[in-house]
Amino acid sequence: MEGFIQEADIVYRVLREDEKIQLKTFHCAVISLKIVGEESPLTVNTGRSLLVKYEDWQGKLLPNINTSVTLAVAHGGDQTVTLPLTPVNGIGEFDFISEKPGIYFIKAVAEGFAHNPAEFRVEVTE
């Protein structure tokens, strides 16, 4: 029988036989960051509001976690831009805007504890 167990900050997938664990593999961290926003293309110099949320491994909002998050925005060969974000009630909001077309990758990472970082892709057109 397959299931999940949590040990400290990690969730493991387990396979049990006769109530004994036969196989235990890493599944994910208990806490995840998630970036949420519209994924359709954005035009140059037009803003889009994006949210960064702390969630548990099953997608439930964690309003008591407000640890600062670092956002890293990467675009082609340009230098990666980093921005701090401080969530309130487990959610932080920021506006994305670009003067250049292309594909942008945004990564959100918290410091000081085990978690799954978030990644989000934004396409900017002329």
Side-chain angles (χ1 to χ4, degrees):
M1 179 160 117
E2 188 176 81
F4 297 94
I5 60 171
Q6 179 180 333
E7 293 178 0
D9 295 336
I10 304 296
V11 175
Y12 296 93
R13 181 182 311 267
V14 294
L15 182 60
R16 294 180 182 185
E17 188 175 304
D18 298 325
E19 298 300 316
K20 293 183 181 179
I21 295 176
Q22 301 297 314
L23 179 67
K24 178 171 112 176
T25 57
F26 173 82
H27 180 67
C28 65
V30 172
I31 298 172
S32 294
L33 282 169
K34 184 174 184 180
I35 300 174
V36 180
E38 189 178 335
E39 294 188 20
S40 63
L42 181 66
T43 56
V44 170
N45 294 320
T46 303
R48 172 154 304 144
S49 182
L50 299 173
L51 300 176
V52 176
K53 297 180 177 185
Y54 277 106
E55 297 182 345
D56 70 10
W57 70 281
Q58 295 175 312
K60 182 180 174 191
L61 180 65
L62 297 171
N64 295 329
I65 301 179
N66 297 302
T67 301
S68 293
V69 173
T70 299
L71 299 172
V73 181
H75 173 252
D78 293 346
Q79 183 175 358
T80 299
V81 175
T82 58
L83 309 162
L85 178 68
T86 303
V88 175
N89 297 322
I91 301 173
E93 183 176 3
F94 69 100
D95 292 323
F96 177 86
I97 189 168
S98 176
E99 298 173 349
K100 293 168 53 173
I103 304 295
Y104 291 79
F105 294 95
I106 303 170
K107 185 172 186 175
V109 177
E111 299 269 340
F113 59 92
H115 68 287
N116 299 310
E119 294 184 356
F120 194 81
R121 178 184 178 272
V122 178
E123 181 181 354
V124 178
T125 60
E126 291 286 344

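Values below: every heavy atom of this structure, side chains too, minus hydrogens, waters and symmetry copies. For reference, positions follow the sequence shown, starting with 1. No experiment lies behind these values; they were computed from the predicted model shown.
- Taking the side-chain hydrogen bond (donor to acceptor under 3.5 Å, both in side chains) definition, one finds that S49 meets it with E93, sequence neighbours left out.
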L50/F120 under side-chain contact (heavy atoms from CB on, under 4.5 Å): CA gap, chis, key distance, verdict: CA-CA 10 Å; L50 299 173; F120 194 81; 3.8 Å; yes

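- Listed here is the closest heavy atom pair of E99 and N45: CG-OD1, 3.3 Å.
- I31 and V52 fall within a single hydrophobic cluster, where Ile, Leu, Val, Met, Phe, Trp and Tyr are joined by side-chain heavy atoms under 4.5 Å apart, directly or via other members.
- Sorted pairs that involve residues 64-75 and meet salt bridge (Lys or Arg N to Asp or Glu O under 4.0 Å), not counting sequence neighbours, are lacking altogether.
- In this structure, the side-chain hydrogen bond (donor to acceptor under 3.5 Å, both in side chains) partners of E38, at least two apart in sequence or on a different chain, are S40.
- Residues R48 and I97 fail the side-chain proximity criterion, which asks for heavy atoms closer than 4.5 Å.
- Closest heavy-atom contact between F26 and A29: CZ-N, 3.9 Å.
- Of all heavy-atom pairs between I5 and K24, the closest is CD1-CD, 4.1 Å.
- Clustering of Ile, Leu, Val, Met, Phe, Trp and Tyr side chains at separations under 4.5 Å places F105 together with I103.
- At a threshold of 4.5 Å between side-chain heavy atoms, the hydrophobic network of Ile, Leu, Val, Met, Phe, Trp and Tyr places L62 and V109 in two separate groups.
- Remark: D56 pairs with no residue by the salt bridge (charged side-chain N to carboxylate O under 4.0 Å, His left out) rule, at least two apart or across chains.
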Per-pair distances, 0.1 Å, donor-acceptor, side chain in residues 9-21, under 3.5 Å, sequence neighbours excluded:
unit_1, atom_1, unit_2, atom_2, d
R13, NH1, E2, OE1, 3.4
R13, NH2, H27, ND1, 3.2

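- Classification of the F96-Y104 ring pair by plane angle, with boundaries at 30° and 60°, yields perpendicular.
- Annotation: side chain to side chain contact (heavy atoms under 4.5 Å, CB included) contacts of K53 (sequence neighbours excluded): V36, L51, E55, L61, I91.
- Atom CD of Q22 has more than 12 heavy atoms from other residues, nucleotides or ligands within 6.0 Å.
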Show me, pair by pair, the donor-acceptor contacts under 3.5 angstrom made by side chains of residues 63-77, not counting sequence neighbours?
unit_1, atom_1, unit_2, atom_2, d
N66, OD1, N89, N, 2.9
N66, OD1, G90, N, 2.8
S68, OG, T86, OG1, 3.4
H75, ND1, D78, OD2, 2.9
H75, NE2, P101, O, 3.1

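- Here salt bridge (Lys or Arg N to Asp or Glu O under 4.0 Å) pairs that include residues 63-77, with residues two or more places apart or in two chains, number zero.
- Contacts classified as side chain to side chain donor-acceptor pair (under 3.5 Å) and involving residues 113-126 (residues at least two apart or in different chains) are given here: S32-N116.
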